[in-house]
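Since the structure comes first, as structure tokens, the remarks are kept for the end.
Note that these values count all heavy atoms, side chains included, but never hydrogens, waters or copies made by symmetry.
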Amino acid sequence: QVLLVESGGGLAQPGGSLRLSCVASGFTFSNYAMSWARQAPGKGLEWVSGIYSDGSDTYYADSVKGRFTISRDNAKNTVYLQMNGLKPEDTAVYYCNALYMGDDYRYDYWGQGTQVTVSS
């Protein structure tokens, strides 16, 4: 079974912090790029951040740049998203994604998501 299990979501105050985790199993985690995406109520899926399979490169959406940090621990099959300076507009379901692209095939896995709510 391929599983991506997100955790760490919850309620935070504006300006607060949360750390999301995504634990992977059922595939070779170190071969996959990992990313986080989110979906706010009534809106489409927004890409948030990505990290290369070995952690050598990271990318961020402009909306979170300078506030969020993605990291991974391949020994633990886990990717993290440290979220600081949270804003109400960060409220969304956050999804973990794993991606592998070969010459002839592609694997693309998604977790079930974890709710993040930023409100006073």
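Here the straight-line distance linking atom OG of Ser30 with atom CG of Asp73 works out to 11.5 Å at 0.5 Å rounding. Summarising the geometry, atom CG belonging to Leu86 is positioned 12.0 Å from atom OG belonging to Ser119; distances are rounded to the nearest 0.5 Å.
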Compile the donor-acceptor pairs under 3.5 Å between side chains in residues 6-20 and protein atoms, sequence neighbours left out, one pair per line.
residue	atom	partner	partner atom	Å
Glu6	OE1	Gln112	N	3.2
Glu6	OE1	Gly113	N	2.9
Glu6	OE2	Cys96	N	2.7
Glu6	OE2	Gly113	N	3.2
Ser17	OG	Asn84	OD1	2.8

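Nearest approach of Asn74 to Asp54, heavy atoms of both residues: ND2-CA, 4.4 Å. Summarising the geometry of Ser71 relative to Val79, their closest heavy-atom pair is O-CG2, 3.2 Å, with the distance given to 0.1 Å. Between Gln39 and Lys43, the closest heavy-atom pair is NE2-O, 3.0 Å. Contact between Ala98 and Leu4 at its shortest, heavy atoms only, is N-CD1, 3.9 Å. Listed here is the closest heavy atom pair of Met34 and Ile70: O-CD1, 4.1 Å.
Residues Ser63 and Glu46 bring a donor and an acceptor atom of their side chains to less than 3.5 Å of each other. Side-chain atoms of Ser35 and Asn97 include a donor-acceptor pair closer than 3.5 Å.
A donor-acceptor pair under 3.5 Å is absent between the side-chain atoms of Arg38 and the main chain of Val116, judged by distance alone. The backbone N or O of Gly55 sits nowhere less than 3.5 Å from a side-chain atom of Arg72 that would complete a donor-acceptor pair. Using a distance-only test at 3.5 Å, with no hydrogens or angles considered, a donor-acceptor pair links the side chain of Thr91 to the main chain of Val118.
In the hydrophobic clustering of ILVMFWY residues, with side-chain heavy atoms under 4.5 Å counting as a link, Val93 and Leu45 come out together. Phe29 and Tyr109 fall within a single hydrophobic cluster, where Ile, Leu, Val, Met, Phe, Trp and Tyr are joined by side-chain heavy atoms under 4.5 Å apart, directly or via other members. Placement of Tyr94 and Trp110 in two distinct hydrophobic clusters is found when ILVMFWY residues are connected by side-chain heavy-atom separations under 4.5 Å, directly or transitively. Using a 4.5 Å cut-off between side-chain heavy atoms of Ile, Leu, Val, Met, Phe, Trp and Tyr, with links allowed through other members, Tyr95 and Ile51 fall into different hydrophobic clusters.
The shortest distance between side-chain heavy atoms of Met83 and Val64 does not fall below 4.5 Å. The closest side-chain heavy-atom distance from Tyr100 to Tyr105 is below 4.5 Å. At least one side-chain heavy atom of Arg106 sits less than 4.5 Å from a side-chain heavy atom of Leu99.
Taking 4.0 Å as the cut-off between side-chain N and carboxylate O, Asp62 and Lys65 count as a salt-bridged pair.
Pairs of residues two or more places apart, or lying in two chains, never qualify as ring pair (Phe, Tyr, Trp, His ring centres under 6.0 Å) while including a residue from residues 44-84.
Listed by chain and number, the residues in a side chain to side chain donor-acceptor pair (under 3.5 Å) with Asn31 amount to none (sequence neighbours excluded).
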> For Phe27 and Tyr32, what are the C-alpha separation, side-chain angles and deciding distance, and is it a ring-ring contact (aromatic ring centres under 6.0 Å, His included)?
Replying inline: CA-CA 9 Å; Phe27 63 98; Tyr32 285 70; 4.6 Å; yes

